[in-house]
Amino acid sequence: MRWSEAFIPTLREAPKDAVTVSHRLLLRGGFIKSLASGIHTYLPLGWRVLKKVMRIIREEMDRIGGQELHMPALTPAELWEETGRWEEYGDEMFRVKDRKKRDYALAPTHEEIITELARKEIRSYRDLPQIWYQIQMKFRDELRPRGGVLRARSFLMKDSYSLDRDWDGLARSYELHYEAYTRIFERCKLPAVVVEASAGIMGGSESHEFMVLSESGEDSLVICSCGYSANTEVGEADPVPVEFKDGELKKVHTPVEGTVEKITEFLGIPAYHLMKSLMYVHEGKPIFVVIRGDYDIDERKLVSIFPGIRPAHPEEIKEWTGAPAGYISPVGLNIPVYADLSLKGGKGLTSGANEEFYHLTGISLERDVKVKEWVDVRLVKTGDRCRRCGKEVEVRRAIELGHIFKLGTKYSEAMRATFLDRDGKEKPIVMGSYGIGVERIMATAIEVYHDENGIIWPISIAPYEVILLSLNPSNPEVRETAERIYRELGNVEILYDDRDEQPGVKFKDADLIGIPVRVVVGERGLKRGVVEVKKRKEKESVEVEPGKVKEVVMKMREELYGY
RNA sequence: CGGGGCGUAGCGCAGCCUGGUUAGCGCGCCUGCCUUGGGAGCAGGAGGUCGGUGGUUCAAAUCCACUCGCCCCGACCA
């Protein structure tokens with residue numbers, strides 16, 4: 001492709017709304033264009049990347065026996081009502097009505113549709129197993145789209161579904177997907193870690209996520225050097241053990257701001273000898289949740305234990321305890337107390353005295369607080385202890401690229417998708433569901449591979465393999481040499497920058513869009529009979545005679561592919 | 001949904017507080033000249049319902065009210 005004829009609208013400055021590295025570079029490089037919040041157009045360059053990603057996905061899905069099909073995105077409400085997800089999905093589901101006022105959903109996922117297909121078509125155990133997949137736009141009205149393409153409201157997903165006779169069969173299908181996913185991310189040069197995850201609205205028994213560590217990620221992982229890793233939403237780790245020293249209950253004057261920092265500094269005590277007392281409202285009534293001072297509460301855990309819980313308002317706290325938030329504790333109050341496990345055995349603790357500028361020291365949970373229930377609501381953090389090996393774990397941000405679920409018979413039972421087994425009995429199909437975010441692979445590759453000048457694509461998903469710069473096309477020798485090289489490299493994916501632009505512009509653009517191999521034809525080199533070839537990720541270029549360019553380029557290309 | 005911020009030309013911004021003629025600047029875009037190894041220079045030019053609606057006023061980008069959109073931080077998910 002000649003750049004002079006291509007539609008590659010690069011930007012010198014990124015739109016101010018783009019904050020995430022991948023979002024900025026995708027916008028600046030002319031890969032995507034945003035249409036509305038979380039909705040994007042994929043421009044020619046971006047679409048080339050996505051097509052390559054999809055090709056890799058298809059090859060690996062086909063390799064495990066997957067068969068590609070394509071389901072509608074517009075789906076009748078009745079199907080979703082059968083499984084209860086018409087209600088369960090809530091506001092995240094885009095809903096439309098037809099002219100007869102019948103309800104439809106723009107599918108956020110396709111379990112119901114695949115199960116409908118299976119129950120109509122699968123009769124006998126002889127029809128199983130099956131792996132069916134598709135790559136398609138999904139629609140989810142996300143609470144908050146973010147990071148450009150990282151969390152979008154319409155996005156491409158490869159979703160596959162396995163249909164098996166029994167749980168052993170499901171285990172095999174699951175394993176096959178695990179392997180396919182591993183290969184897909186390897187081929188995209190993305191270092192994915194596999195973690196245990198929660199199944200959420202999908203349901204089912206077991207699920208794993210394929211994650212890539214990145215500060216732009218929205219998930220956080222607990223990682224231990226012993227090999228244990230999990231999403232913090234299901235991750236287990238023990239609090240750092242500390243010693244509690246018993247003491248007498250005393251009221252002390254604390255004329256400072258009621259924050260953990262200020263109070264511990266004023267009293268000269270470590271944060272873990274503080275009992276953080278927080279008030280929430282659950283089912284219309286106040287409750288206390290207490291946790292060790294060096295920890296925070298994981299609101300996700302809290303909500304799963306106390307559905308519908310909300311933090312108490314400042315006025316409510318004042319009314320119930322007589323003090324502002326920084327000076328409260330359950331001691332002496334008749335309000336139910338839920339204590340986090342980090343406080344197990346807690347004594348000699350400091351917490352509010354329910355009077356502004358006063359705290360209590362020497363609190364013993366056993367003696368002074370009526371704990372209604374011990375709960376695990378602690379936000380796991382770096383330094384916590386691995387439950388398997390006892391070593392310190394690390395908490396890191398990550399991007400979720402893929403998620404696999406063992407659904408079991410949740411959908412097949414709800415929708416009566418059954419088959420007749422060898423023994424003549426009717427049994428529900430045992431199902432699995434598996435997803436990959438296509439644009440996320442593109443964005444994550446940028447998050448992982450970029451420098452201050454732009455993207456450095458892994459060659460397997462680069463929009464072009466080679467970029468050829470003709471530094472001064474008005475010089476006949478430069479132009480002719482570049483044209484000749486362009487023709488010679490006709491069988492690789494090459495972008496030929498033949499524009500009438502300053503050299504600087506071409507260098508900057510080439511770096512920005514991140515093509516892995518760059519060939520430069522310029523006057524300066526030609527005077528010495530050479531052109532330059534360079535990998536995007538390397539600093540130094542090699543000088544080669546024009547006649548040898550093809551050979552050198554092909555070699556670099558192979559190195560990059562890792563053949 | 002809670003918290004924070006932003007809407008002025010394709011992109012980045014100034015002007016608004018303290019209302020007052022044709023609403024500015026840089027980049028980009030068009031024409032010509034010139035230039036050609038890391039986003040050149042000169043000259044000329046095109047491009048705006050100042051997010052929208054309503055109000056205050058002789059007069060609104062500027063003040064007030066409502067509204068829509070977008071981004072960021074938190075609770076959900078590929």
Side-chain angles (χ1 to χ4, degrees), chain A residues 9-20 23-24 27-28 30 33-39 57 88-92 108-109 135-160 181 197-202 207 209-211 217-219 231 233 296-304 309-311 313 379 399-405 433-441 443-444 453 469-475 478 499-512 520-527 531-532 541:
Chain A
T10 58
L11 254 28
R12 193 184 293 225
E13 286 169 292
K16 67 170 186 314
D17 284 343
V19 174
T20 312
H23 192 198
R24 296 175 66 85
L27 250 19
R28 282 193 56 209
K33 180 94 187 149
S34 90
L35 178 67
S37 179
I39 305 176
I57 292 173
E88 206 181 338
Y89 243 107
D91 288 338
E92 196 171 321
T109 177
I135 298 178
Q136 189 206 35
M137 267 300 171
K138 295 288 189 277
F139 301 91
R140 295 184 187 175
D141 197 356
E142 292 287 345
L143 291 167
R144 179 155 97 82
R146 67 156 71 119
V149 108
L150 279 173
R151 169 167 306 281
R153 294 195 296 170
S154 89
F155 63 98
L156 290 165
M157 177 158 97
K158 185 289 296 178
D159 46 323
S160 48
Y181 277 33
S198 119
I201 195 169
M202 289 300 188
S207 98
E209 290 168 325
F210 290 73
M211 300 284 212
E218 301 176 76
D219 289 84
N231 196 307
E233 68 195 15
D296 290 313
I297 286 185
D298 187 337
E299 298 207 351
R300 291 175 306 188
K301 288 184 179 173
L302 201 62
V303 170
S304 69
I309 196 171
R310 67 162 173 87
H313 302 306
L379 186 65
I399 300 170
E400 177 188 355
L401 293 180
H403 200 160
I404 59 181
F405 303 86
S433 157
Y434 317 85
I436 290 183
V438 178
E439 297 93 327
R440 273 192 189 173
I441 291 182
T444 304
N453 294 316
L469 309 189
S470 142
L471 289 193
N472 180 2
S474 61
N475 174 320
V478 170
R499 292 175 298 172
D500 183 20
E501 287 286 354
Q502 296 284 124
V505 173
K506 298 189 179 186
F507 284 124
K508 291 288 185 192
D509 273 344
D511 285 348
L512 176 62
V520 175
V521 181
E523 256 173 16
R524 211 162 77 182
L526 283 187
K527 264 186 203 141
V531 302
E532 290 147 46
S541 55

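In this text the structure is predicted, and so the values were computed from the model without any measurement. A note on names: the letters A, B, ... follow the listed sequences, proteins ahead of strands, and every chain is numbered from 1.
For the pair Ile297(A) CD1 and G74(B) P, the computed distance is 17 Å after rounding to whole Å. If you take CD1 of Ile57(A) and P of A78(B), they are 15 Å apart, rounded to a whole angstrom. As rounded to whole Å, 14 Å separates atom P of A78(B) from atom CD of Glu439(A). Following rounding to the nearest Å, Glu299(A) (CD) and C76(B) (P) show an atom-to-atom distance of 9 Å.
Within the nucleic acid shown, Asp509(A) comes within 4.0 Å of at least one base atom, counting heavy atoms only. Counting non-hydrogen atoms under 4.0 angstrom, Glu501(A) reaches a base of the nucleic acid. Residue contacts for Val505(A): at a heavy-atom cut-off of 4.0 Å it reaches a base atom on one of the strands shown. Base contact: Gly522(A) has a heavy atom under 4.0 Å from a base atom. Using a 4.0 Å heavy-atom distance criterion, Phe139(A) is classed as making no nucleic acid contact. No engagement by Thr109(A) is indicated, since no non-hydrogen atom pair under 4.0 Å with the nucleic acid exists. Here Glu92(A) lies in heavy-atom contact (under 4.0 Å) with sugar-phosphate atoms only. Asn453(A) comes within 4.0 angstrom of no nucleic acid atom, judged by non-hydrogen atoms across all strands. In this structure, Glu532(A) reaches the bases: a heavy-atom distance under 4.0 Å links it to at least one base atom across the strands shown. The residue Leu401(A) sits close only to the backbone: its heavy atoms come under 4.0 Å of sugar-phosphate atoms, none of a base. Using a 4.0 Å heavy-atom distance criterion, Gly147(A) is classed as a sugar-phosphate-only contact. In this structure, Asp159(A) reaches neither bases nor backbone, as no heavy-atom distance under 4.0 Å exists between it and the strands shown.
Looking at residues two or more places apart in sequence or on another chain, you find a side chain to side chain donor-acceptor pair (under 3.5 Å) between Asp296(A) and Lys276(A).
For G37(B), its base never sits under 3.5 Å from the side chain of Asn472(A) at any donor and acceptor pair. Taking only distance into account, the side chain of Gln502(A) never meets the base of G41(B) through a donor-acceptor pair shorter than 3.5 Å.
Taking side-chain N and O atoms only, Arg146(A) has a distance below 4.0 Å to OP1 or OP2 of C73(B). Between Ser37(A) and C71(B) there is a side-chain polar atom (N or O) within less than 4.0 angstrom of OP1 or OP2. Distances shown here put every side-chain N or O of Arg144(A) at or beyond 4.0 Å from the OP1 or OP2 atom of G2(B).
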Checklist entry - When you check every protein heavy atom under 4.0 Å of nucleotides 5-16 of chain B, what one-letter string (B, S, -) results, 5' to 3'? => result -S----BSS---
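Of the nucleotides present, C68(B) is the one that pairs with G7(B) by Watson-Crick or G-U wobble criteria, both distances under 3.5 Å. Base pairing analysis places U22(B) opposite nothing; no Watson-Crick or G-U wobble pair with both distances below 3.5 Å involves it.
Residue whose closest nucleotide on RNA chain B sits further toward the 5' end, between Ser474(A) and Thr10(A): Ser474(A).
By the stacking rule of 5.5 Å between ring centres and under 30° between planes, Phe155(A) stacks on the base of A78(B).
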